[in-house]
Amino acid sequence: MSNNMRGLTMFIADIRNCRVRESEEKRINKEMANIRAKFKEGNLNGYQKKKYVCKLLYMYILGWDIDFGHMEAVNLISSNKYSEKQIGYLAVTLLMHENSDLTRLVVNSIRKDLDEYNEIYNCLALHAIANIGGREMAESLNGDVHRLLISPASKSFVKKKAALTLLRLYRKHPDVIPAVDWSERLIALLDEPDLGVVLCVTSLIMALAQDNLEAYLGCYAKVVERLSKIVVKKEYAADYVYYKVPIPWLQVKFLRLLQYYPPLDDTTIRHELHNVLQTIMQNSQDTPKNVQHNNAQNAVLFEAINLAIHLDTESSIVNQAAVLLGRFITSKETNVRYLGLETMAHLAACVDSLEPIKKHQDTILLSLRDKDISVRRRGLDLLFSMCDVSNAKVIVTELLRYLSIADYGLREEMVLKIAILTERFATEYQWYVDIILQLISTAGDHVGNEVWYRVVQIVTNNEELQEYASRTVLKHLRSPTCHENLVKIGGYILGEFGHLVANIPGGSPIEQFHAIYSKFGLCSTQTKAMLMTTFLKFVNLFPEIKGEIVSVFHNYRHVLDAELQQRSTEYLAISTMPNDDILQTVCEEMPPFPERESALLLRLQQQHAATEDKRTWHIGGKEANKEREAVRLQLSANRSNSTDSKSTPNNESSTDLLTLESLTIGASTVASQTNSAHIPAGTVTPGSEKWLGKLLYTSEGVLYEDNQINVGLKSEYHGHVGRLALYFNNKTNTNITSFTTVIEQVPHLSITTPQSAATTIAVQAQIQQLFHIECNKPFTTMPIVRISFISGSLHNVALRLPISLTKFMEPIELGGPEFFARWKQIGGSPREIQRIFQALVPIKLADVGTMLSGFRFGLLESVDPNPNNFVGSAVLHTKSAGMTGCLMRLEPNLDAQAYRLTVRSTNENVSEQICNLLEPRLANDVV
Amino acid sequence: MIHHRSLNEIVIFYTPIRYASLFFVVGISADDNELITLEIIHRYVEVLDRYFGNVCELDLIFNFQKAYFILDELIIAGEMQESSKKSILRVVSAQDQLEDNEITEKGWPENNRIGLRG
């Protein structure tokens, strides 16, 4: 440890010796004057500048304003002594904020230090950017920071800082960071051996992936794999074990990151993830004595439970979790009670059956009386989420009772929630009216307008409610203390429905009028205006009390308030007209309100909006979480749309387009063999489809080749399942690292990877990746595999896999009569598709036969009288759509070098798709 | 304790440990993991302890710049940068080494390691 500024130490000791504020101020002023003079003199050496700047900083952190010394700090940054530079940077980050004009002065010094060969200078510069991080810095330096992050020459401790610096810049100025373009490169960094680097990169990816789910999809498999290494296989450096828990910070981040994505279909990944979660649950059965161990373990556990709920609420892990949560909400530790309730609210918001949670209802109700307000809030959230028809009465009654002693800060939200629950789960009108009026009278000022508007809407729209509501409001109006909100409701309801109770004792027109009028004087102007309208309605409903009401209107014609004056004058005029036509028209019964979204829910959602994290759930029942579902659907729809649009037109034209595309792109970037650009979803590397055609009717061969890699393929299919292996060969003289493959799934095919491939390919070596394929229904789009790896720089390759519909056909042998019987049975259009097309290469009959067999047709000899014609039959196997018979007839015309292809199958889409696959191959390929 | 600011509430997370005369306040967003944040504090204290030898308030006051430098090795952009004590201390002592070298090179006033411990 070094502290080598004697002057600074003395100064700090002096300040500490000041007993009263005045003497501190005196000492500070003296020092400031001294430093100002020294700075003015100039001629200071580096050490002196450093010492004075340090003194200024100390004053600054004590809370004194510092209005000079900034330039000296900036000068220190460009010193060539580390200790001076370091203080310069500290001063700049403390004294400047992101919008200071002075930051402009330091951008260049920072850039210089980023370029510096000495990593320790790089680090200082990165700290400064991360701590100040204004727009100007973000714009001019993000490229340099990114370079430090991805350069293979960077040391681990630089990479860590660079990753988090980018995170800060992205949070402040997302538009400056090309998040999508960087995705593959950043995902590749998850393979770093240093866990510290992985931790920082994960923080960065979490922020970027939330806004770019699609582009960062590739991180999912990698994250699961790394988690499994840490949790299940226990592979980590001893340094990273924190009180027996391996790098809990990283585990927490990984588990959270996976919650941003909808659960993947890949069974291998699911299985691996299940193992991880299961292991975490098992490790958490005991409560460790050590506080740190306990906190770290629980931090991971709660995140794991949240992920398990997100993945599948019916899983065995969630069942185990529910039991654990039941234990947590009675824990002695406040933190654990809090998190237990919060996580249970998450569970309640997602599960189909609330039963496991209802078991704990009494405990949860008790949590409303917890000594900690945050725990009480979580209890409230949970009660709100777990409420249904069966327990609504108990919960609402308890909440109402609690409302009168609840913290003021909590009341408005409570009122909203009680009102929503009452409305949502009421089974008896009487109950609804009683509770809601009791709520309004208990909560008083905490009742927002939405609540009583909603009551009026509901009473107006439900005839059965109206009489009981009128009677009850009348009772409330008579009580000596009646909140103004109740007066408003009372006024409105009696004005509309008062006649329904006019015959009950105590409900006569004049009694209704007096009940309201007795509150009139104490009400706000706005309420008075409303009540005026009620009185006008009374004139219409009860002509017998017109006299009393007219005299009220009379009196209010001269009040100062313009609104009241106008109403009383107009209402007086209407009531005293010779006939009642206008009165009756004006006071006609209100029509029912149109059904609309409850204003209460809107209000509650507004209260919870604006969190920056794209949370995977919200407080509230399953319904409230539908939105999440919608987003997820949108994501997958985008994915399938983009792939569909590429290959729905028949294959010939799409290959033309692709070749065109590859030509233009190839021309503009001649040396584009290094594919480092991001390839958008649903598209493939230009020019890569030239190998694809042949593989549609052969089971092995080359799929792709460039200067770096060669991709070979082998496949076999039986019925609706298949296996496909890709072989990646490293053609370069360096190791290929961070090798990743991701499959872009297509509708009706499920493709899983039983094992993740290795991430490194040694020089001239080969690795293998196996895929299991299942065909659920007939499909049109062939899936794409996206490959990224680092060989010198980052390379991206996207290849369409030759997994076509005909691969799932099995050839069958039919006799002539049988064939024709079926041919007739299927019949012509639309189940027959016929194409006539020119052969662009010379027709060789033997090759055509080979190709058709390769497309998995059983060729039938001597069925067609013309020996040149081919007749074939096959059965297409799918998992959920069963089998489809396919018949084919191909008539080559050797003279005209043309074909007529006819396909009949029991499914018109299948016929179409078979033609789409066969036609371009027959026309173009030389076998 | 951790002050947990979501929209309109502050949640206090308790730590049963008292760090001598030191108090820590951390602001986190609504969806950060609270328990793991407590452990960030704990790790910071552990590193300070190792560096200063049973850290106390005075160490941080008289070496406030060092407290900042160490924090920079632990947290950037509000996120945990490095959780390995060994890694953090290695970088910090490399910084000290550089500083010491500069001092002996130029012969600045004697290296003043005064023992101001409370």
| query | Checking heavy atoms, do the side chain of Leu195(A), its backbone, both or neither come under 4.5 Å from chain B? | reply | neither
| said: Under a 4.0 Å threshold between the charged nitrogen and the carboxylate oxygen, would Glu73(B) count as salt-bridged to Lys161(A)? | reply: yes
| Selection from Ile40(B), Val91(B), Ile76(B) maximising heavy-atom pairs under 4.5 Å formed with chain A | Ile76(B)
| query | Checking Asn131(A) against chain B: side chain, backbone, both or neither under 4.5 Å from a heavy atom? | reply | side chain
| query | Highest number of heavy-atom pairs under 4.5 Å with chain B: which of Ile247(A), Leu57(A), Ile87(A), Leu94(A)? | reply | Leu94(A)
| said: Taking side chain as everything from C-beta outward and backbone as N, CA, C, O, which of these in Leu98(B) sits under 4.5 Å from a heavy atom of chain A? Side chain, backbone, both or neither. | reply: side chain
| query | Are any non-hydrogen side-chain atoms of Ile61(A) and Tyr68(B) less than 4.5 angstrom apart? | reply | yes
| request: Could you tell me which of Ala163(A), Ala237(A), Gly196(A), Ala238(A) has the largest number of non-hydrogen atom pairs under 4.5 Å with chain B? | output: Gly196(A)
| query | Side chain, backbone, both or neither: which part of Ile75(B) has a heavy atom under 4.5 Å from chain A? | reply | neither
| query | With chain A, which of Ser83(B), Ser84(B), Ser93(B), Ser87(B) has the greatest number of heavy-atom pairs at distances under 4.5 Å? | reply | Ser84(B)
| query | Using the ring of each side chain (for Trp, its six-membered ring), is Phe64(B) parallel, tilted or perpendicular to Tyr58(A), with breaks at 30° and 60°? | reply | tilted
| Is chain B contacted by the side chain of Leu199(A), its backbone, both, or neither, given a heavy-atom distance below 4.5 Å? | side chain
